[in-house]
Structure formats: C-alpha cells, structure tokens
2 protein chains.
Amino acid sequence: MSGSFPPPLDAFDRKILAILQRDNTTPQRTIGEAVNLSAPSVQRRIKRMTEDGVIQANIAVIDPVAVGQAITIFVEVEVISETADQIEQAKRVFAAAPEIQQCYYVTGEADFMLVIVVPAMAEYEALTRRLFFGNNNVKRFRTFVAMDRIKVGLSVPT
Amino acid sequence: MSGSFPPPLDAFDRKILAILQRDNTTPQRTIGEAVNLSAPSVQRRIKRMTEDGVIQANIAVIDPVAVGQAITIFVEVEVISETADQIEQAKRVFAAAPEIQQCYYVTGEADFMLVIVVPAMAEYEALTRRLFFGNNNVKRFRTFVAMDRIKVGLSVPT
DNA sequence: CTGCTTCTGCAATTTTGTTTCATGAGGCTC
DNA sequence: GAGCCTCATGAAACAAAATTGCAGAAGCAG
C-alpha cells in the first residue's frame with residue numbers, strides 16, 4: 001500500500017519553481033522557452049506541484065509602509081518553562097495575534113522568533129504588554145526594529 | 001513642487017491588496033465582483049500600485065522541504081562599522097546570496113536579521129565561513145535554527 | 001512483442017488580461 | 001451658476017494567456 005508519496009521533482013520542475021518564486025506572473029510560454037518545454041507541459045507541472053503542496057501559495061508581496069503598517073519588528077523571545085504544554089500554548093497565543101506576521105519556534109539563545117508588523121510604536125508597546133509582560137512564562141524578549149527590507153522570498157536554490 | 005508622492009490608497013485598493021496577498025491568481029473579474037468594480041478598474045489599480053511599489057513582487061511560495069531545503073535558520077548579524085558605505089555593501093552581499101531568503105536591516109543589539117534556507121547544516125556552515133567569518137566587518141553573529149514554522153503571513157490588515 | 005502508463009507537443013478552445021472609447025462625476029475658475 | 005478641466009469609471013473590442021483534447025513517442029512489465 002501507499003499513502004501517496006509526493007512524486008520527486010525533476011530538473012524541469014526545479015527550474016520552473018526557480019522562476020515562479022521570483023515572479024509567478026511569468027507566462028507559461030516564456031517559462032517553457034527558458035526550460036525547453038511546451039507551455040502545456042509547464043502548465044501541467046505547475047498544476048501537479050500545486051496539488052502536491054510543493055507550491056503552497058501564490059501571493060503578492062505588499063509594502064507594509066504603503067498600507068499603513070509602517071513598522072516591522074523582529075522579536076526574540078525566551079521562555080522560562082519549555083515543557084511541551086507551555087510551548088504549545090505559546091504557539092497558540094502567537095498564532096492568534098494578528099500583528100504577528102511570522103512565528104518560528106527555534107533553538108539557540110531564544111525559543112521563538114517573531115516578525116511583527118504594526119502601524120506605530122504605540123501598538124507595539126501595547127502588544128508587548130499583552131504578549132510578553134502579561135505572560136509570566138516569558139523570561140526575556142529582545143526587540144529589533146527593521147529599518148529596511150532588503151529581500152523577501154525564495155526557497156529554491158538557483 | 002513635489003518629487004511625485006505616492007497617491008494614497010483608498011478602500012478599493014486595500015480590498016484588492018487584501019485579496020492579492022492571499023492569492024494573486026484571482027481573476028480580475030472575480031476581484032471586481034468582490035469589491036464592486038469592473039475588471040478594467042481593478043486592472044488599472046493593480047498596475048498603478050505595482051508601478052508605485054505598493055505591490056513589490058508577485059511570487060509563488062514554495063515548500064522548502066519539498067525542494068530539499070530542509071533547514072530554516074535565523075541569523076542575527078552585528079557589524080563593526082556602520083557607515084553608509086559598509087551597510088550598503090553588506091546589503092548587496094546578503095541580497096546576492098541565494099540561501100538568504102529574507103534580509104532586514106534592523107536597529108537594536110544587531111544590525112541585520114537574516115532568514116536562511118539550506119538543505120543541511122553543512123551548507124550553513126559553508127555559508128557562515130563565506131559570509132561571516134570571511135567578512136571582516138562582521139563583529140558577531142548568532143544562529144537560531146527553526147524547528148517549526150508556526151505562522152507565515154501578510155502585510156495588509158484584514 | 002503487446003499492452004499499459006506517462007509524458008510530450010500541437011492545435012483548438014476558453015478564459016483572462018489589456019486597450020479603446022465615450023460617459024458622468026467632481027472640482028475649479030471666472 | 002456656467003463653463004471647463006481632469007479623472008475614474010464601465011462597456012465593448014481586442015490581444016494574450018491558460019486550459020483542454022488528442023495523438024504520438026518513450027519507458028516498463030508481463
């Protein structure tokens with residue numbers, strides 16, 4: 001039996017992904033020329049990879065400043081108790097906060113890395129009171145305010 | 001006189017962005033129905049926002065594991081000299097490294113926050129030798145290996 | 001060799017994106 | 001208020017892209 005394995009990606013698939021991760025508005029015809037395949041073949045591969053979850057989403061990257069979310073902040077969070085329960089609860093709390101744009105559970109000198117986007121510092125301060133000072137399992141947190149986003153994206157080696 | 005200000009976004013623009021940041025393959029016709037505008041109007045707004053840099057990119061989000069990039073790593077980098085020149089050079093170097101998925105210039109106890117995706121630790125070690133140990137403007141860097149991606153997200157408030 | 005599966009390209013079809021154009025609303029001057 | 005200007009809009013025409021149908025070639029199992 002088989003629980004349906006993800007079919008492996010060949011060189012064509014990888015090249016296609018490498019293009020899409022930079023610009024998914026690239027016409028299939030153009031992609032086809034780049035990888036030496038016909039447009040329909042490219043289309044079928046993209047469809048398959050989307051169904052298989054290799055392509056997880058197709059999104060527009062939007063400038064946070066332009067939409068009034070002017071401040072991007074990295075936060076390193078260290079917790080006191082790292083029991084499974086406590087970690088799960090922290091994950092839930094962070095996942096529920098709409099200001100938290102990205103949340104990773106990490107090893108190292110911290111336990112969580114957060115990427116937060118807020119309109120202004122006042123909102124961030126309110127958030128810290130709510131999430132960090134108001135949570136007695138948070139030992140320490142460190143704030144880094146982003147001044148410039150140099151790069152976003154990309155998973156596929158080029 | 002004015003060096004051409006970015007025109008402010010109205011409610012239509014925001015709704016359009018809210019849709020595109022979730023799925024930029026949504027047909028303009030469908031977007032139009034959702035926001036009560038004709039397809040051409042939607043199209044013009046998207047074009048304008050793209051030209052203005054509000055929409056910074058259109059990309060496919062790819063599962064790093066599926067493409068053999070199994071490890072995600074946060075790196076906090078502190079530099080020695082923070083002159084404009086040095087910072088610009090660092091930005092260029094980081095932007096050019098394909099393993100670096102996200103790069104932010106930040107204030108706080110570090111100067112750069114990087115999100116790196118690599119197939120295995122060996123590659124990360126090679127990268128540290130090249131980017132950090134091999135760069136004498138790097139004072140210190142701290143590594144956090146992601147064990148779990150709890151959340152990845154979006155810029156437009158919904 | 002035969003049958004089966006899978007992938008491919010070509011061509012037709014359908015859907016989507018883009019341009020054109022005429023209209024109406026809002027703002028401004030006089 | 002009248003006239004004029006600018007600008008965004010929708011309808012329709014148009015161009016481009018995505019999708020589907022189909023037949024052929026390559027790989028494999030029996």
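Just so it is clear: chains get the letters A, B, ... in the order the sequence lines come, proteins before strands, and each one is counted from 1.
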Quiz item: Hey, does A:Phe12 have a side-chain heavy atom less than 4.5 Å from the side chain of A:Leu37?
Solution: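 Yes, their side chains come closer than 4.5 Å.
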Contacts table for residues 103-113 of chain B: side-chain donor-acceptor under 3.5 angstrom, sequence neighbours left out:
| unit_1 | atom_1 | unit_2 | atom_2 | d |
| --- | --- | --- | --- | --- |
| B:Tyr105 | OH | B:Glu82 | OE2 | 2.9 |
| B:Glu109 | OE1 | A:Arg142 | NE | 3.0 |
| B:Glu109 | OE1 | A:Arg142 | NH2 | 3.4 |
| B:Glu109 | OE2 | A:Arg142 | NE | 3.3 |
| B:Asp111 | OD2 | B:Val79 | N | 2.8 |

Quiz item: First contact, last contact: which nucleotides of DNA chain D are these for chain A, 5' to 3', heavy-atom distance under 4.0 Å?
Solution: D:dA17 to D:dG21
Quiz prompt | Qualifying ring-ring contact (aromatic ring centres under 6.0 Å, His included) pairs with a residue from residues 39-71 of chain A, counting only residues at least two apart or across chains | solution =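 Not a single pair qualifies under ring-ring contact (aromatic ring centres under 6.0 Å, His included).
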Quiz item: Do any of residues 37-47 of chain A sit with a heavy atom less than 4.0 Å from DNA chain D, and if so which?
Solution: A:Pro40, A:Gln43, A:Arg44
Give the rounded distance in Å between these two atoms: [atom1] of [X] and [atom2] of [N].
X	N	atom1	atom2	answer
B:Ile31	C:dT15	CD1	P	18 Å
B:Arg48	C:dG17	CZ	P	18 Å
A:Arg29	C:dG17	CZ	P	18 Å

Quiz prompt | Option among A:Thr83, A:Ile87, A:Val93, A:Ile80 that satisfies the side-chain contact (heavy atoms from CB on, under 4.5 Å) test with A:Asn137 | solution = A:Ile80
Quiz item: Just how large is the angle between the end axes of the helix from C:dC1-D:dG30 to C:dC30-D:dG1, five pairs per end, to 10 degrees?
Solution: 30°
Quiz prompt | Side-chain (A:Asp52) to main-chain (A:Val54) donor-acceptor, under 3.5 angstrom | solution =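 No: the side chain of A:Asp52 does not pair with the backbone of A:Val54.
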Quiz item: More than 12 non-hydrogen atoms from neighbouring residues, nucleotides or ligands closer than 6.0 Å to CE on A:Met147, yes or no?
Solution: no
Quiz item: Should we say atom CZ of A:Arg149 is surrounded by more than 12 heavy atoms from elsewhere, each under 6.0 Å from it?
Solution: yes
Quiz item: Under 4.0 Å between a side-chain N or O of B:Gln28 and OP1 or OP2 of C:dT15?
Solution: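 No, B:Gln28 has no side-chain N/O under 4.0 Å of OP1/OP2 on C:dT15.
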Quiz prompt | Side chains of A:Gln102 and B:Gln102, donor plus acceptor under 3.5 Å | solution = yes
Could you pull out every donor-acceptor pair under 3.5 Å between side chains of residues 123-133 of chain A and any protein atom, sequence neighbours left out?
| unit_1 | atom_1 | unit_2 | atom_2 | d |
| --- | --- | --- | --- | --- |
| A:Glu123 | OE1 | A:Ala120 | N | 3.4 |
| A:Tyr124 | OH | A:Thr143 | OG1 | 2.7 |
| A:Thr128 | OG1 | A:Glu125 | O | 2.6 |

Quiz prompt | Candidates A:Arg44, A:Lys47, A:Arg48 - the one meeting salt bridge (Lys or Arg N to Asp or Glu O under 4.0 Å) with A:Asp13 | solution = A:Arg48
